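Everything numeric in this text was worked out from a predicted model, so none of it was measured. Residue numbers run from 1 in the order of the sequence given.
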Amino acid sequence: MSVAVTKKAIEKLINGYESDPFALLGMHETSAGLEVRAFLPDAVAVSVIDRKNGRKVATLERKHSSGFFCGAIPRRKRRFSYCLDVTWENAQGVVDDPYQFGILLQEMDIWFLAQGHHSRPYQCLGAHPAKLGDIEGITFAVWAPNAKSVSVVGDFSFWDERRFPMRLRRESGIWELFLPQAHLGDCYKYSILDANGERRLKADPYAFETQIRPETASIINTLPPISPMPLSRQQANQRNAPISIYEVHLGSWRRHTDDQSWLSYRELAEQLIPYVKEMGFTHIELLPINEHPFDGSWGYQPLGLYSPTRRFGSPMDFRDFIEAAHQAEINVILDWVPGHFPEDDYGLRNFDGTSLYEYADRREGFHPDWNTLIYNYGRNEVLNYLSGNLLYWHEHFALDGFRFDAVASMLYRDYSRKEGEWLPNKHGGRENLEAIDFIRHTNKLLGVTCPGTITIAEESTDFPSVTLPPDDGGLGFHYKWNMGWMHDTLAYMQRDPIYRKFHHNQMTFGMLYAYNENFVLPLSHDEFVHGKGSLIGRMVGDDWQKFANLRAYLGFMWAYPGKKLLFMGCEFAQWREWDHDSSLDWHLLEEPNSPHQGVQHFVRDLNLSYRANTPLYECDFEREGFEWLTVDDHDNSVFAFCRKDTQDNEVIVISNFTPVVHHNYVVGVNKAGTYQEILNSDSAFYNGSNVGNLGEIETTASAFNGKPYSLSLSLPPLATLYLRLKD
């Protein structure tokens with residue numbers, strides 16, 4: 001609806017209080033005929049050009065000293081496409097008027113966004129290159145329902161909040177504008193006059209690229225093309241596949257030696273990917289790469305959920321990094337943070353002057369552990385924002401899976417809170433029902449839309465049915481980190497071998513619940529920071545024993561039911577605790593035949609043996625895939641078990657967690673024949689003492705521990721053996 005050109009209307013516009021600038025600006029039908037109005041600060045003269053024939057059809061008159069121009073088009077009654085010939089103080093040029101265009105968002109998109117059913121909201125919101133008629137430009141759309149006015153500002157507007165006010169779609173609370181003046185690569189933000197009458201400068205929640213800290217502007221970019229997930233990558237994620245994950249913080253895996261600067265995505269593709277391939281890992285898990293303001297958060301306080309961090313290069317560089325991994329037949333998992341976001345002023349906090357993305361009550365909306373805000377999972381638009389983000393990363397960057405950070409903090413309203421510091425749900429309970437619904441919705445959406453993609457829960461409590469499908473009452477994750485197993489077994493390994501016999505159950509207890517969920521066994525970054533020390537530093541004894549303990553422990557872990565995850569640096573036994581500000585200590589591998597090389601070679605061979613032997617992974621989540629052979633030898637701290645595949649092939653695993661060599665140690669087995677020693681963590685090749693069984697050993701017909709046959713073995717000190725029947 002057209003607004004009369006009055007001084008009051010003009011001043012409302014130029015002072016940033018107009019929620020419908022199209023009612024005043026652009027071309028309007030009046031009783032006197034067509035009229036064109038434009039706000040062009042610093043312009044000296046303005047003429048209207050008919051785009052069809054290039055002729056000048058009117059000269060606009062300055063109606064306000066701020067730069068508001070207005071003029072009638074003689075003898076024209078029907079609207080037409082036009083541009084403005086503008087004379088500035090020191091320049092002259094032709095510009096397209098952004099206020100001549102109609103509404104942008106389609107009614108169906110608006111309905112789906114409002115209902116929380118828009119699975120790809122990033123296709124509508126944010127900044128997108130577009131062409132309206134024959135005019136190219138950028139469409140901007142941002143959700144800020146309680147704002148009094150919103151302008152898009154950036155390089156194209158000289159960061160002048162007066163120049164490009166946006167149109168409010170009142171039915172959705174979305175502000176939109178098509179801007180021919182904006183181009184790919186321009187920096188921009190939204191200038192929001194919020195519900196309290198305060199001016200806020202906000203980054204775009206849906207920005208596809210963001211400046212690197214300390215700068216905070218969004219950057220106009222295109223969506224990478226959609227990349228389908230081939231069957232081979234889908235199969236690599238399945239429960240019956242070998243999954244060995246190398247967890248990486250890209251900023252500290254390796255740095256340039258001369259100035260300790262970061263490697264770029266391209267350099268990481270050239271160095272990290274071949275290394276992971278050589279080491280035999282099947283997957284890489286990246287600590288969060290969403291843009292984040294503070295290096296020390298390791299990405300766990302993201303503010304650019306749709307922006308790959310610029311620390312290492314452009315979004316397309318990151319996409320090429322993922323492609324390099326896929327070319328090497330390595331799947332990529334992204335650590336994803338849907339539980340909280342930081343309070344930085346330019347981010348989501350009080351986005352339009354109200355608690356838009358976060359819960360309004362601090363008892364619901366503030367994380368005391370991390371001084372961050374909690375998403376309001378009950379809001380449809382927030383549901384769109386988060387769920388759509390997974391489809392964005394999967395479809396446009398070809399991510400193969402997502403690890404959900406801090407799921408327990410989402411599930412419980414009283415998480416890390418004292419009595420009186422939290423609000424119960426509508427039933428009076430402690431569960432966050434909205435967060436549970438969000439998780440189920442998101443996992444179901446991903447499963448239906450992106451088959452083969454996996455989600456993994458970092459869930460530190462015994463919340464039931466984490467890896468059951470939503471339709472069966474579960475949360476719908478494919479896998480869950482086994483935090484209990486990790487804590488128990490690390491505690492065991494930190495004990496002097498003399499006392500391990502009194503804590504034997506710390507290595508066996510996990511089997512009592514091993515099939516309650518689909519587990520990943522995680523030795524993650526969280527265990528090697530904040531004074532906890534390194535993995536090798538957690539082992540006991542002198543240096544030789546520390547390395548032997550570590551190899552034995554990793555051997556036990558790789559054979560134990562569940563998928564594997566190992567944090568970078570652990571694969572070569574870095575002494576130093578992880579520091580995000582510096583490179584891993586690669587110099588430890590420079591000395592030939594060092595114990596660090598021994599651990600590295602052992603991890604590589606673990607991965608190769610794991611992938612080559614189906615009993616070690618095919619039935620990870622089936623009770624039939626595991627059988628204890630020796631479970632109660634507390635005095636000797638020996639554990640023996642059998643892993644089986646669907647064809648009843650077996651791998652026998654024996655771990656000796658004392659520094660004593662056990663000669664003629666008897667283990668009962670199911671099958672007779674010659675057993676080949678396929679892996680021995682005490683091999684001299686791994687810097688061990690080279691005690692073993694000369695490569696193979698025959699069974700005897702003597703029954704033992706309820707098994708019809710037995711093996712009489714030499715068990716090396718602090719070591720793990722893998723045996724299988726010789727073909």
Side-chain angles (χ1 to χ4, degrees), residues 1-16 18 20-104 129-140 151-167 176-183 186:
M1 181 178 178
S2 181
V3 170
V5 181
T6 64
K7 183 177 180 181
K8 183 178 180 180
I10 294 172
E11 290 183 347
K12 183 180 180 182
L13 172 76
I14 63 178
N15 289 323
E18 179 57 70
D20 186 11
F22 286 80
L24 185 62
L25 297 173
M27 181 177 285
H28 295 265
E29 296 176 8
T30 71
S31 57
L34 289 180
E35 190 172 85
V36 173
R37 308 160 186 171
F39 179 54
L40 297 163
D42 306 320
V44 174
V46 182
S47 299
V48 180
I49 307 296
D50 187 332
R51 286 184 61 88
K52 186 175 182 180
N53 55 33
R55 293 177 182 174
K56 175 181 173 181
V57 294
T59 299
L60 304 187
E61 179 185 354
R62 183 195 294 270
K63 293 290 187 179
H64 194 281
S65 59
S66 63
F68 185 88
F69 292 81
C70 179
I73 312 294
R75 300 178 298 279
R76 301 291 285 265
K77 294 182 179 181
R78 293 185 179 180
R79 293 173 180 267
F80 59 93
S81 179
Y82 67 94
C83 53
L84 301 174
D85 188 352
V86 184
T87 301
W88 314 92
E89 189 170 315
N90 297 311
Q92 187 270 341
V94 175
V95 298
D96 288 298
D97 186 357
Y99 299 97
Q100 65 180 298
F101 303 102
I103 60 173
L104 303 176
K131 190 173 184 179
L132 299 187
D134 60 350
I135 301 175
E136 295 184 346
I138 305 295
T139 63
F140 295 91
S151 297
V152 59
V153 298
D155 297 337
F156 42 80
S157 71
F158 308 102
W159 295 90
D160 184 344
E161 63 196 26
R162 302 172 300 164
R163 291 177 184 265
F164 297 121
M166 305 175 77
R167 171 198 284 123
E176 64 178 16
L177 186 67
F178 174 69
L179 202 54
Q181 287 82 350
H183 303 91
D186 284 347

Do the side chains of D160 and R162 get close enough for a salt bridge, i.e. N-O under 4.0 angstrom?
yes
Closest heavy-atom pair, P41 versus W88, reported as atoms and distance to 0.1 Å, is O-CZ3, 3.3 Å
Non-hydrogen atoms of P165 and S151 that approach each other most closely:
CA-OG, 3.4 Å
Donor + acceptor pair across side chains of S66, H64 (<3.5 Å)
yes
Shortest non-hydrogen separation from D20 to E18 and the atoms involved
N-OE2, 2.9 Å
Are the side chains of F68 and R37 in contact, using a 4.5 Å heavy-atom criterion?
yes
Expected output: side-chain Q181 to main-chain S157 donor-acceptor under 3.5 Å
no
State whether the side chain of R51 and the backbone N or O of F80 hold a donor-acceptor pair below 3.5 Å, judged by distance alone.
no
For a quick test of reading the model, state the closest non-hydrogen atom pair linking C83 to V95 and the distance between them.
CB-O, 3.3 Å
Taking only Lys NZ, Arg NE, NH1 and NH2, and the carboxylate oxygens of Asp or Glu, determine whether R163 and D42 approach each other closer than 4.0 Å.
yes
Are L84 and V48 side-chain neighbours, meaning at least one heavy-atom pair lies under 4.5 Å?
yes
Nearest heavy-atom neighbours spanning F178 and I135:
CZ-O, 3.5 Å
Does Q92 have more than 12 heavy atoms from other residues, nucleotides or ligands lying within 6.0 Å of its CD?
yes
To the nearest 0.5 Å, atom NE2 of H28 lies from atom CD of Q100 at 11.5 Å
Apply side chain to side chain contact (heavy atoms under 4.5 Å, CB included) to E29 and L34, showing your working.
CA-CA 5 Å; E29 296 176 8; L34 289 180; 3.7 Å; yes
Atom CG in L177, atom CD1 in I138: separation rounded to 0.5 Å?
11.5 Å
Taking atom CG of L104 and atom CZ of R167, what is their separation to the nearest 0.5 Å?
6.5 Å
Would you say the side chain of T139 lies within less than 4.5 Å of the side chain of E176, judging by non-hydrogen atoms?
no
About how many Å separate CG of D50 and CG of N53, when rounded to the nearest 0.5 Å?
4.0 Å
Considering the options L24, L25, I10, which one meets the side-chain contact (heavy atoms from CB on, under 4.5 Å) requirement together with F39?
L25
Value rounded to 0.5 Å, distance of CZ in F140 from CZ in F164
9.5 Å
Using side-chain heavy atoms (C-beta onward) and a distance below 4.5 Å, is D97 in contact with M27?
no
Closest non-hydrogen atom pair between F22 and F101, with its separation
CE2-O, 3.3 Å
Drop me the distance from F69's CZ to E61's CD, to the nearest 0.5 angstrom.
10.0 Å
